[in-house]
Amino acid sequence: MVLDIGGHEVRVSHPGKVVFPERGLTKLDLVNYYVSVADGALRGAGGRPMVLKRFVKGIGQEPFFQKRVPENHPDFIDTATLHYASGTSAEEAVVRDAAGLAWVVNLGCLDLNPHPVRAEDLDRPDELRVDLDPMPGVDWAQIVDVAMIAREVLDDHGLVGWPKTSGSRGMHLLVRIRPEWDYRDVRLAAESLAREVERRAPGLATARWWKEERGESVFVDFNQNAKDRTVASAYSVRPLPDARVSTPLDWGEVRTRRPEEFTVATVLERFAERGDPHAGIDGAAGGLEGLLRLAEELGPAEKAPRAPRGSGGTGRRESRMPLIEVARTETKPEAIDALERWKGAHPEVVAHLSPADVMVDGMRGSSSLWYRVRINLQHVPDGERPEQEPLLVDYDPWAGRTG
(Lines give C-alpha, C1' and ligand atoms only; values in the text may rest on other atoms or scores of the structure.)
Protein backbone atom coordinates (compact mmCIF):
# COMPACT_ATOMS: atom_id res chain seq x y z
CA MET A 1 0.00 0.00 0.00
CA VAL A 2 1.24 3.50 -0.83
CA LEU A 3 0.07 6.34 1.44
CA ASP A 4 0.30 10.07 0.82
CA ILE A 5 1.44 11.56 4.13
CA GLY A 6 2.14 15.28 4.09
CA GLY A 7 2.97 15.20 0.40
CA HIS A 8 5.36 12.25 0.70
CA GLU A 9 4.68 8.79 -0.65
CA VAL A 10 5.19 6.13 2.02
CA ARG A 11 5.10 2.46 1.08
CA VAL A 12 3.63 0.11 3.67
CA SER A 13 4.36 -3.55 3.07
CA HIS A 14 1.91 -6.15 4.40
CA PRO A 15 -0.44 -3.49 5.86
CA GLY A 16 -2.83 -6.16 7.12
CA LYS A 17 -0.20 -8.03 9.12
CA VAL A 18 -1.45 -8.42 12.70
CA VAL A 19 1.17 -7.03 15.10
CA PHE A 20 -0.80 -7.15 18.37
CA PRO A 21 -3.05 -10.24 18.24
CA GLU A 22 -4.68 -9.55 21.61
CA ARG A 23 -5.93 -6.17 20.35
CA GLY A 24 -6.21 -7.07 16.66
CA LEU A 25 -3.91 -4.20 15.65
CA THR A 26 -2.29 -4.39 12.22
CA LYS A 27 0.79 -2.68 10.84
CA LEU A 28 -1.48 -0.19 9.07
CA ASP A 29 -3.23 0.55 12.38
CA LEU A 30 0.16 1.43 13.89
CA VAL A 31 1.05 3.66 10.94
CA ASN A 32 -2.26 5.49 11.32
CA TYR A 33 -1.71 5.79 15.08
CA TYR A 34 1.68 7.49 14.68
CA VAL A 35 0.35 9.82 11.98
CA SER A 36 -2.50 10.81 14.32
CA VAL A 37 -0.21 11.59 17.27
CA ALA A 38 2.65 12.92 15.13
CA ASP A 39 2.66 16.35 16.77
CA GLY A 40 3.45 14.79 20.17
CA ALA A 41 5.66 11.96 18.92
CA LEU A 42 7.85 14.37 16.94
CA ARG A 43 8.17 16.63 19.97
CA GLY A 44 9.94 13.72 21.63
CA ALA A 45 11.78 12.10 18.72
CA GLY A 46 11.80 14.55 15.84
CA GLY A 47 15.10 15.99 14.68
CA ARG A 48 17.11 13.49 16.74
CA PRO A 49 19.25 10.59 15.48
CA MET A 50 17.42 7.36 16.25
CA VAL A 51 18.35 3.73 16.82
CA LEU A 52 15.92 1.54 14.87
CA LYS A 53 14.56 -1.17 17.18
CA ARG A 54 12.99 -3.57 14.71
CA PHE A 55 10.47 -6.29 15.62
CA VAL A 56 10.55 -7.98 12.23
CA LYS A 57 9.38 -11.33 13.71
CA GLY A 58 6.62 -9.85 15.86
CA ILE A 59 6.33 -8.83 19.49
CA GLY A 60 6.82 -12.41 20.68
CA GLN A 61 10.40 -12.49 19.39
CA GLU A 62 13.45 -10.45 20.34
CA PRO A 63 13.98 -7.28 18.29
CA PHE A 64 17.29 -6.34 16.76
CA PHE A 65 18.86 -2.91 17.04
CA GLN A 66 19.94 -1.21 13.84
CA LYS A 67 22.05 1.89 14.23
CA ARG A 68 22.82 2.44 10.55
CA VAL A 69 20.04 3.85 8.42
CA PRO A 70 19.12 1.58 5.47
CA GLU A 71 20.91 2.64 2.29
CA ASN A 72 17.68 2.93 0.31
CA HIS A 73 15.99 5.33 2.70
CA PRO A 74 13.67 7.94 1.14
CA ASP A 75 14.72 11.55 0.72
CA PHE A 76 12.40 12.73 3.52
CA ILE A 77 14.58 10.83 6.04
CA ASP A 78 17.55 12.88 7.18
CA THR A 79 20.68 11.32 8.65
CA ALA A 80 23.39 12.17 11.18
CA THR A 81 26.68 10.38 11.82
CA LEU A 82 27.26 9.51 15.47
CA HIS A 83 30.65 8.53 16.86
CA TYR A 84 30.46 6.02 19.70
CA ALA A 85 32.70 5.53 22.72
CA SER A 86 33.77 2.17 21.25
CA GLY A 87 35.46 4.02 18.40
CA THR A 88 32.85 3.04 15.82
CA SER A 89 30.46 5.36 14.01
CA ALA A 90 27.05 5.01 12.38
CA GLU A 91 24.93 7.14 10.09
CA GLU A 92 21.57 7.07 11.87
CA ALA A 93 18.07 7.99 10.76
CA VAL A 94 16.63 11.39 11.68
CA VAL A 95 12.84 11.69 11.46
CA ARG A 96 11.33 15.13 11.01
CA ASP A 97 7.70 14.59 9.98
CA ALA A 98 4.75 12.20 10.05
CA ALA A 99 5.93 10.49 6.87
CA GLY A 100 9.18 9.62 8.64
CA LEU A 101 7.26 8.09 11.54
CA ALA A 102 5.27 5.94 9.11
CA TRP A 103 8.48 4.87 7.38
CA VAL A 104 10.13 3.59 10.59
CA VAL A 105 6.94 1.74 11.56
CA ASN A 106 7.00 -0.01 8.19
CA LEU A 107 10.52 -1.24 9.04
CA GLY A 108 9.09 -3.04 12.07
CA CYS A 109 9.78 -0.37 14.70
CA LEU A 110 7.17 -0.12 17.45
CA ASP A 111 8.81 2.27 19.90
CA LEU A 112 10.97 5.26 18.99
CA ASN A 113 14.48 5.35 20.46
CA PRO A 114 16.09 8.76 19.86
CA HIS A 115 19.34 10.06 21.31
CA PRO A 116 19.13 13.10 23.66
CA VAL A 117 20.79 15.37 21.08
CA ARG A 118 19.62 17.24 18.02
CA ALA A 119 21.05 16.32 14.63
CA GLU A 120 22.49 19.84 14.40
CA ASP A 121 24.59 19.43 17.57
CA LEU A 122 25.59 15.84 18.32
CA ASP A 123 27.96 16.56 21.20
CA ARG A 124 25.76 18.59 23.54
CA PRO A 125 22.47 17.03 24.75
CA ASP A 126 19.41 19.22 25.09
CA GLU A 127 17.59 16.71 27.28
CA LEU A 128 18.38 15.13 30.64
CA ARG A 129 16.43 11.93 31.21
CA VAL A 130 15.32 10.67 34.62
CA ASP A 131 14.34 7.00 34.40
CA LEU A 132 12.50 5.75 37.49
CA ASP A 133 12.96 1.99 37.29
CA PRO A 134 11.17 -0.05 39.98
CA MET A 135 12.75 -3.19 41.38
CA PRO A 136 10.55 -6.32 41.69
CA GLY A 137 8.07 -5.96 44.52
CA VAL A 138 7.72 -2.16 44.12
CA ASP A 139 4.23 -0.84 43.43
CA TRP A 140 3.11 2.19 41.42
CA ALA A 141 2.45 4.32 44.53
CA GLN A 142 6.13 4.12 45.49
CA ILE A 143 7.17 5.13 41.96
CA VAL A 144 4.87 8.15 42.22
CA ASP A 145 6.33 9.12 45.60
CA VAL A 146 9.84 9.03 44.15
CA ALA A 147 8.71 11.01 41.10
CA MET A 148 7.36 13.75 43.36
CA ILE A 149 10.65 13.95 45.24
CA ALA A 150 12.58 14.06 41.97
CA ARG A 151 10.33 16.91 40.88
CA GLU A 152 11.23 18.80 44.07
CA VAL A 153 14.95 18.28 43.49
CA LEU A 154 14.66 19.51 39.91
CA ASP A 155 12.65 22.54 41.01
CA ASP A 156 15.21 23.34 43.74
CA HIS A 157 17.90 23.42 41.03
CA GLY A 158 16.04 25.51 38.46
CA LEU A 159 14.78 22.70 36.20
CA VAL A 160 11.37 21.44 35.09
CA GLY A 161 10.53 17.75 34.85
CA TRP A 162 7.86 16.54 32.41
CA PRO A 163 6.45 13.13 33.47
CA LYS A 164 5.43 10.27 31.22
CA THR A 165 4.77 6.60 31.74
CA SER A 166 7.58 4.44 30.40
CA GLY A 167 5.05 2.13 28.80
CA SER A 168 6.25 -0.70 31.02
CA ARG A 169 6.42 -0.56 34.84
CA GLY A 170 8.24 2.70 35.41
CA MET A 171 8.12 6.42 34.77
CA HIS A 172 10.31 8.89 32.90
CA LEU A 173 10.86 12.54 33.72
CA LEU A 174 12.10 14.52 30.71
CA VAL A 175 14.10 17.66 31.44
CA ARG A 176 14.89 20.07 28.62
CA ILE A 177 18.25 21.78 29.05
CA ARG A 178 20.20 24.31 27.07
CA PRO A 179 22.71 22.50 24.80
CA GLU A 180 25.74 23.95 26.58
CA TRP A 181 27.14 20.87 28.35
CA ASP A 182 28.72 17.68 27.02
CA TYR A 183 27.57 14.14 27.80
CA ARG A 184 29.95 13.79 30.72
CA ASP A 185 28.51 16.81 32.52
CA VAL A 186 24.93 15.80 31.76
CA ARG A 187 25.50 12.32 33.18
CA LEU A 188 27.20 13.80 36.26
CA ALA A 189 24.23 16.13 36.78
CA ALA A 190 21.82 13.21 36.46
CA GLU A 191 23.85 11.12 38.91
CA SER A 192 23.83 13.98 41.42
CA LEU A 193 20.08 14.29 41.03
CA ALA A 194 19.72 10.55 41.68
CA ARG A 195 21.91 10.69 44.79
CA GLU A 196 19.95 13.63 46.17
CA VAL A 197 16.64 11.83 45.58
CA GLU A 198 18.06 8.81 47.43
CA ARG A 199 19.18 11.09 50.30
CA ARG A 200 15.71 12.60 50.61
CA ALA A 201 13.89 9.28 50.25
CA PRO A 202 16.02 6.57 51.90
CA GLY A 203 14.52 3.15 51.38
CA LEU A 204 12.14 4.39 48.68
CA ALA A 205 14.73 5.38 46.06
CA THR A 206 18.26 4.35 45.25
CA ALA A 207 21.09 5.61 43.09
CA ARG A 208 23.10 2.40 43.44
CA TRP A 209 24.22 1.26 40.02
CA TRP A 210 24.56 -2.45 40.91
CA LYS A 211 21.19 -4.12 40.87
CA GLU A 212 21.82 -6.52 43.74
CA GLU A 213 22.40 -3.59 46.09
CA ARG A 214 19.10 -1.80 45.47
CA GLY A 215 16.60 -3.83 47.48
CA GLU A 216 12.89 -3.15 46.96
CA SER A 217 13.32 0.44 45.84
CA VAL A 218 13.01 2.65 42.77
CA PHE A 219 16.28 2.97 40.91
CA VAL A 220 16.86 6.51 39.63
CA ASP A 221 18.72 5.39 36.51
CA PHE A 222 21.16 8.19 35.77
CA ASN A 223 23.14 6.11 33.29
CA GLN A 224 20.43 6.60 30.69
CA ASN A 225 22.29 9.87 30.10
CA ALA A 226 25.47 8.13 28.94
CA LYS A 227 26.47 8.87 25.37
CA ASP A 228 25.33 5.65 23.70
CA ARG A 229 22.00 5.29 25.53
CA THR A 230 18.50 5.79 24.19
CA VAL A 231 15.06 5.43 25.80
CA ALA A 232 11.58 5.00 24.36
CA SER A 233 10.28 8.49 23.64
CA ALA A 234 6.83 9.99 24.12
CA TYR A 235 3.93 8.20 22.39
CA SER A 236 6.04 5.12 21.69
CA VAL A 237 4.08 1.88 21.41
CA ARG A 238 5.68 -0.76 23.62
CA PRO A 239 5.91 -4.48 22.75
CA LEU A 240 3.39 -5.64 25.36
CA PRO A 241 0.27 -7.66 24.46
CA ASP A 242 -2.08 -4.77 25.31
CA ALA A 243 -0.26 -2.35 22.93
CA ARG A 244 0.64 -0.06 25.79
CA VAL A 245 1.94 3.45 25.07
CA SER A 246 4.60 5.57 26.78
CA THR A 247 2.28 8.49 27.54
CA PRO A 248 2.99 12.09 28.60
CA LEU A 249 1.13 13.20 31.73
CA ASP A 250 0.67 16.43 33.56
CA TRP A 251 1.62 16.47 37.22
CA GLY A 252 -2.00 16.58 38.34
CA GLU A 253 -2.55 13.15 36.80
CA VAL A 254 0.51 11.35 38.13
CA ARG A 255 -1.10 10.08 41.35
CA THR A 256 -4.41 9.03 39.80
CA ARG A 257 -3.53 7.41 36.47
CA ARG A 258 -1.93 4.02 35.85
CA PRO A 259 0.31 2.83 32.98
CA GLU A 260 -2.10 0.10 31.87
CA GLU A 261 -4.75 2.74 31.09
CA PHE A 262 -2.73 4.04 28.14
CA THR A 263 -2.94 1.90 25.02
CA VAL A 264 -3.01 2.69 21.31
CA ALA A 265 -6.81 2.94 21.39
CA THR A 266 -7.12 5.09 24.52
CA VAL A 267 -4.21 7.38 23.64
CA LEU A 268 -5.73 8.11 20.23
CA GLU A 269 -8.90 9.29 22.00
CA ARG A 270 -6.95 11.21 24.64
CA PHE A 271 -4.76 12.99 22.08
CA ALA A 272 -7.77 13.96 19.95
CA GLU A 273 -9.56 15.37 22.99
CA ARG A 274 -6.78 17.24 24.82
CA GLY A 275 -3.65 17.31 22.68
CA ASP A 276 -0.19 16.82 24.15
CA PRO A 277 0.39 17.58 27.88
CA HIS A 278 4.05 18.21 26.98
CA ALA A 279 3.28 20.90 24.41
CA GLY A 280 5.28 23.46 26.41
CA ILE A 281 8.39 21.36 26.98
CA ASP A 282 10.60 23.04 24.37
CA GLY A 283 10.02 26.42 25.99
CA ALA A 284 11.18 25.22 29.41
CA ALA A 285 14.89 24.60 28.82
CA GLY A 286 17.02 25.20 31.91
CA GLY A 287 20.65 25.01 32.94
CA LEU A 288 22.74 22.44 34.79
CA GLU A 289 24.61 24.92 36.99
CA GLY A 290 22.63 23.95 40.10
CA LEU A 291 23.02 20.18 39.72
CA LEU A 292 26.71 20.52 38.93
CA ARG A 293 27.19 22.56 42.11
CA LEU A 294 25.35 19.79 43.93
CA ALA A 295 27.82 17.30 42.44
CA GLU A 296 30.68 19.27 44.01
CA GLU A 297 28.91 19.35 47.38
CA LEU A 298 28.20 15.60 47.35
CA GLY A 299 31.70 14.65 46.26
CA PRO A 300 32.57 11.52 44.27
CA ALA A 301 30.08 8.66 44.42
CA GLU A 302 31.14 5.54 46.30
CA LYS A 303 32.78 3.02 43.99
CA ALA A 304 32.42 -0.74 44.25
CA PRO A 305 35.59 -2.55 45.35
CA ARG A 306 37.65 -4.33 42.71
CA ALA A 307 39.27 -7.73 42.93
CA PRO A 308 43.06 -7.28 43.08
CA ARG A 309 45.01 -8.32 40.01
CA GLY A 310 47.37 -11.24 40.42
CA SER A 311 46.78 -14.35 42.50
CA GLY A 312 43.65 -15.09 40.51
CA GLY A 313 42.13 -11.58 40.67
CA THR A 314 40.79 -9.93 37.51
CA GLY A 315 40.83 -6.31 38.58
CA ARG A 316 37.11 -6.11 37.81
CA ARG A 317 34.42 -4.80 40.10
CA GLU A 318 33.63 -7.16 42.96
CA SER A 319 30.11 -7.42 44.36
CA ARG A 320 29.48 -7.03 48.06
CA MET A 321 26.54 -9.40 47.78
CA PRO A 322 26.54 -13.23 47.74
CA LEU A 323 25.53 -13.77 44.11
CA ILE A 324 25.20 -16.88 42.02
CA GLU A 325 24.53 -16.97 38.30
CA VAL A 326 21.91 -19.38 36.97
CA ALA A 327 21.90 -18.90 33.19
CA ARG A 328 22.77 -16.80 30.18
CA THR A 329 20.19 -17.15 27.43
CA GLU A 330 19.36 -15.82 23.98
CA THR A 331 15.71 -15.08 24.76
CA LYS A 332 13.64 -14.09 27.78
CA PRO A 333 11.40 -17.20 27.70
CA GLU A 334 14.55 -19.32 27.90
CA ALA A 335 15.70 -17.25 30.88
CA ILE A 336 12.38 -17.69 32.68
CA ASP A 337 12.45 -21.44 31.97
CA ALA A 338 15.97 -21.72 33.40
CA LEU A 339 14.91 -19.75 36.48
CA GLU A 340 11.94 -22.05 37.09
CA ARG A 341 14.15 -25.12 36.73
CA TRP A 342 16.58 -23.67 39.26
CA LYS A 343 13.74 -22.89 41.66
CA GLY A 344 12.45 -26.44 41.31
CA ALA A 345 15.88 -27.77 42.28
CA HIS A 346 16.25 -25.44 45.29
CA PRO A 347 12.84 -25.00 46.96
CA GLU A 348 14.42 -24.55 50.39
CA VAL A 349 16.40 -21.56 49.08
CA VAL A 350 13.44 -20.01 47.27
CA ALA A 351 11.55 -19.77 50.57
CA HIS A 352 14.08 -17.19 51.80
CA LEU A 353 14.17 -14.98 48.67
CA SER A 354 12.49 -11.60 48.32
CA PRO A 355 11.26 -10.47 44.87
CA ALA A 356 14.29 -8.21 44.42
CA ASP A 357 16.68 -11.12 45.05
CA VAL A 358 15.74 -12.71 41.71
CA MET A 359 17.31 -10.84 38.81
CA VAL A 360 16.51 -11.48 35.14
CA ASP A 361 18.33 -8.79 33.21
CA GLY A 362 18.20 -7.90 29.53
CA MET A 363 21.79 -7.26 28.45
CA ARG A 364 22.69 -5.35 25.29
CA GLY A 365 24.61 -7.50 22.81
CA SER A 366 26.04 -6.49 19.46
CA SER A 367 22.64 -6.00 17.80
CA SER A 368 20.07 -7.53 20.16
CA LEU A 369 19.37 -8.31 23.80
CA TRP A 370 20.45 -11.42 25.66
CA TYR A 371 19.43 -12.39 29.19
CA ARG A 372 21.29 -13.10 32.42
CA VAL A 373 19.68 -14.81 35.44
CA ARG A 374 21.21 -14.26 38.87
CA ILE A 375 20.17 -14.92 42.46
CA ASN A 376 21.13 -12.77 45.45
CA LEU A 377 21.50 -15.04 48.48
CA GLN A 378 21.62 -12.18 51.01
CA HIS A 379 18.48 -13.40 52.83
CA VAL A 380 19.51 -17.07 52.83
CA PRO A 381 21.26 -18.26 56.05
CA ASP A 382 24.97 -18.83 55.51
CA GLY A 383 24.84 -22.60 55.96
CA GLU A 384 22.00 -22.97 53.46
CA ARG A 385 23.46 -20.99 50.57
CA PRO A 386 24.10 -23.12 47.47
CA GLU A 387 27.44 -22.91 45.73
CA GLN A 388 27.84 -21.62 42.20
CA GLU A 389 26.84 -24.44 39.85
CA PRO A 390 27.39 -24.89 36.09
CA LEU A 391 25.05 -22.57 34.20
CA LEU A 392 21.80 -24.20 33.16
CA VAL A 393 22.13 -22.37 29.84
CA ASP A 394 25.40 -20.77 28.75
CA TYR A 395 24.65 -18.63 25.70
CA ASP A 396 27.53 -16.59 24.28
CA PRO A 397 26.13 -13.49 22.51
CA TRP A 398 29.52 -12.85 20.86
CA ALA A 399 30.21 -16.37 19.60
CA GLY A 400 31.50 -16.35 16.05
CA ARG A 401 32.08 -12.59 16.01
CA THR A 402 35.46 -10.95 15.59
CA GLY A 403 36.77 -7.51 16.47
Contacts of type ring-ring contact (aromatic ring centres under 6.0 Å, His included), residue [X], not counting sequence neighbours:
X: W103; value: none
X: F271; value: Y235
X: F76; value: H8

Ion pair [X]/[Y], N-O distance below 4.0 Å:
X: E71; Y: R68; result: no
X: R129; Y: E127; result: yes
X: R199; Y: E196; result: yes
X: R244; Y: D242; result: yes
X: E120; Y: R96; result: yes
X: E348; Y: R385; result: no

Under the rule for side chain to side chain donor-acceptor pair (under 3.5 Å), what residues qualify as partners of [X], not counting sequence neighbours?
X: S13; value: K27, N106
X: S233; value: none
X: T26; value: D29
X: Q378; value: D357

Original post:
salt bridge (Lys or Arg N to Asp or Glu O under 4.0 Å): which pairs involve residues 223-238, sequence neighbours left out?
Top reply: D111-R238

Is a side-chain donor or acceptor of [X] paired with a backbone partner of [Y] at a separation under 3.5 angstrom?
X: R124; Y: E180; answer: no
X: D361; Y: M363; answer: no
X: R118; Y: G46; answer: yes

Original post:
Do E62 and T331 have side-chain atoms, one donor and one acceptor, less than 3.5 Å apart?
Top reply: no

Subject >> Qualifying side chain to side chain donor-acceptor pair (under 3.5 Å) pairs, either residue in residues 288-297, two or more places apart >> reply: R178-E289

**OP:** Enumerate the residue pairs fulfilling side chain to side chain donor-acceptor pair (under 3.5 Å) with a member in residues 138-150, sequence neighbours excluded, ordered by first and then second residue.
**Re:** D145-R255

Subject >> Contacts of type side chain to side chain contact (heavy atoms under 4.5 Å, CB included), residue L188, not counting sequence neighbours >> reply: E191, S192, L292, A295

For residues 150-158, dump all side-chain donor-acceptor pairs below 3.5 Å to protein atoms at least two apart in sequence or in another chain.
unit_1: D156; atom_1: OD2; unit_2: R200; atom_2: NH1; d: 3.0
unit_1: D156; atom_1: OD2; unit_2: R200; atom_2: NH2; d: 3.0
unit_1: H157; atom_1: ND1; unit_2: V153; atom_2: O; d: 2.8

